[in-house]
Amino acid sequence: MAKPAPAPPTVEVRRTIRAPRQRVFDAWTKADELRAWHAPGPLTVSHAEIDLRPGGAYRIHMRAPDGTEHRVTGVYREVDPPRKVVYTWGWEGEHRVKDSVVTLEFHERGDATEVVLTHAGIMDDPERANHEQGWTAILDKLEAAYAGGRA
């Protein structure tokens, strides 16, 4: 009997944000709010477009301090406000991650929201590690934006 093929590597990152679930969902799904935090480390968001509906597209440009642009695009597969969003994730240019899927779940935790981010379909360990580091840094920025329970 043949063994089933292993599932592609995934990244899972969890973070509790001190803000109501709807507020955290909006921060992730409204372009004007996402621009403030959705880039790791010293990168900034130079452009964000969001068409939040199944089949709708998004585009995010992240700019490094040296001016280099990193561009990601995708299509929303599932939108269930304020509980869940599922979308494809693919980098433009020479990047190897082209066809992966991000699932975001937003869980109420008293006066806070636990964000569970799962990024599936990253086909090698170095890219998985890079994306885990990137998502962790992005969630650090989102958490900092709500430090002290600011809504």
Side-chain angles (χ1 to χ4, degrees), residues 7-54 56-65 68-92 95-151:
T10 61
V11 170
E12 181 178 281
V13 181
R14 295 173 176 259
R15 188 65 53 90
T16 300
I17 309 297
R18 300 208 67 74
R21 180 166 67 169
Q22 183 66 55
R23 186 73 188 97
V24 176
F25 182 89
D26 289 347
W28 210 289
T29 59
K30 293 184 176 183
D32 57 332
E33 294 190 34
L34 182 133
R35 282 184 193 98
W37 60 270
H38 196 286
L43 279 70
T44 58
V45 176
S46 59
H47 177 80
E49 297 173 28
I50 293 176
D51 180 6
L52 187 66
R53 62 181 174 81
Y58 74 90
R59 170 178 291 281
I60 302 168
H61 298 183
M62 296 173 233
R63 182 174 292 147
T68 303
E69 291 273 335
H70 305 276
R71 297 176 177 169
V72 66
T73 63
V75 175
Y76 291 100
R77 290 185 172 176
E78 182 180 343
V79 179
D80 181 16
R83 292 176 280 286
K84 187 176 183 180
V85 179
V86 180
Y87 52 91
T88 62
W89 177 274
W91 292 101
E92 291 183 347
H95 204 287
R96 292 188 314 248
V97 176
K98 298 285 187 190
D99 188 28
S100 58
V101 177
V102 174
T103 300
L104 291 166
E105 297 173 275
F106 304 91
H107 302 285
E108 289 181 323
R109 300 289 185 245
D111 63 349
T113 303
E114 181 185 23
V115 177
V116 179
L117 182 148
T118 306
H119 192 159
I122 302 172
M123 301 308 290
D124 64 46
D125 288 340
E127 284 300 333
R128 187 198 57 75
N130 287 341
H131 281 78
E132 183 172 21
Q133 183 180 20
W135 285 123
T136 298
I138 284 171
L139 285 170
D140 287 347
K141 283 187 176 178
L142 178 59
E143 183 179 28
Y146 292 98
R150 188 185 84 199

- [ ] Give the minimum heavy-atom separation between I138 and P40, together with the two atoms involved.
- [x] CG1-N, 3.5 Å
Open item on the list: Using a 3.5 Å distance criterion without hydrogens, assess whether the side chain of S100 forms a donor-acceptor pair with backbone atoms of G121.
Closed with: no
Open item on the list: Between the side chains of R21 and E114, is the shortest nitrogen-to-carboxylate-oxygen separation below 4.0 Å, so that they form an ion pair?
Closed with: no
Task: Polar side-chain atom of T29 near backbone of F25 as donor-acceptor pair, under 3.5 Å - done: yes
Task: Nearest-0.5 Å distance, CD1 of residue I122 to NE2 of residue H131 - done: 5.0 Å
- [ ] Before giving the answer on side-chain contact (heavy atoms from CB on, under 4.5 Å), spell out for L139 and K141 the whole-Å C-alpha distance, their side-chain angles and the decisive distance to 0.1 Å.
- [x] CA-CA 5 Å; L139 285 170; K141 283 187 176 178; over 6 Å; no
TODO: Step through the shown structure and confirm whether more than 12 heavy atoms of other residues, nucleotides or ligands are within 6.0 Å of CZ on R77.
DONE: no
- [ ] Report yes or no: does T88 contribute a side-chain atom to a donor-acceptor pair with the main-chain N or O of V75 at less than 3.5 Å?
- [x] yes
- [ ] Could you check L104, I50, V85, L52 and say which one makes a side chain to side chain contact (heavy atoms under 4.5 Å, CB included) with W28?
- [x] L104
Open item on the list: If I take atom CD from residue E49 and atom CG from residue L34, how far apart are they, to the nearest 0.5 angstrom?
Closed with: 12.0 Å
Open item on the list: Classify the ring geometry of Y58 against Y76: parallel below 30°, tilted from 30° to 60°, perpendicular beyond 60°.
Closed with: tilted
Task: Ion pair check, R15 and E143, cut-off under 4.0 Å - done: yes
Open item on the list: Within the structure provided, determine whether E132 and E127 are in side-chain contact (heavy-atom separation under 4.5 Å).
Closed with: no
TODO: Report yes if some heavy atom in the side chain of V102 is under 4.5 Å from a heavy atom in the side chain of T118; otherwise report no.
DONE: no
Open item on the list: Determine whether a donor-acceptor pair (N or O, by modelled atom type, separation under 3.5 Å) exists between the side chain of T113 and the backbone of E108.
Closed with: no
Task: Separation between OH of Y146 and CD1 of I17, rounded to the nearest 0.5 Å - done: 9.0 Å
Task: Distance in Å, I60 CD1 paired with E69 CD, rounded so as to fall on 0.5 Å steps - done: 12.5 Å
- [ ] Please assess M62 against V72 for the test side-chain contact (heavy atoms from CB on, under 4.5 Å), listing each intermediate value before the final yes or no.
- [x] CA-CA 8 Å; M62 296 173 233; V72 66; 4.0 Å; yes
Open item on the list: Under 4.0 Å between a side-chain nitrogen and a carboxylate oxygen: does that hold for R83 and D80?
Closed with: yes
Task: Derivation of the salt bridge (Lys or Arg N to Asp or Glu O under 4.0 Å) call for E78 and R53 - done: CA-CA 7 Å; E78 182 180 343; R53 62 181 174 81; over 6 Å; no
- [ ] Look at the rings of W89 and H38 and say which category their plane angle falls in: under 30° parallel, 30 to 60° tilted, over 60° perpendicular.
- [x] tilted
Open item on the list: Pairing donors with acceptors under 3.5 angstrom, does anything connect the side chains of W91 and H70?
Closed with: no
Open item on the list: Once rounded to the nearest 0.5 Å, what's the spacing between atom OG1 of T44 and atom NE2 of H61?
Closed with: 12.5 Å
TODO: Starting from the C-alpha separation in whole Å, work towards a yes-or-no answer on side-chain contact (heavy atoms from CB on, under 4.5 Å) for K84 and F106.
DONE: CA-CA 6 Å; K84 187 176 183 180; F106 304 91; 5.8 Å; no
Open item on the list: If I compare all heavy atoms of A137 with all of G41, which pair ends up nearest, and what's the gap?
Closed with: CB-N, 3.9 Å
Open item on the list: Test side-chain contact (heavy atoms from CB on, under 4.5 Å) on V115 and E105; report intermediate values, then the result.
Closed with: CA-CA 6 Å; V115 177; E105 297 173 275; over 6 Å; no
Open item on the list: Donor-acceptor check, side chain of R35 to backbone of A48, threshold 3.5 angstrom: yes or no?
Closed with: yes
Open item on the list: Looking at R14 and E12, is there a salt bridge between them, counting it only when a charged N and a carboxylate O are closer than 4.0 Å?
Closed with: yes
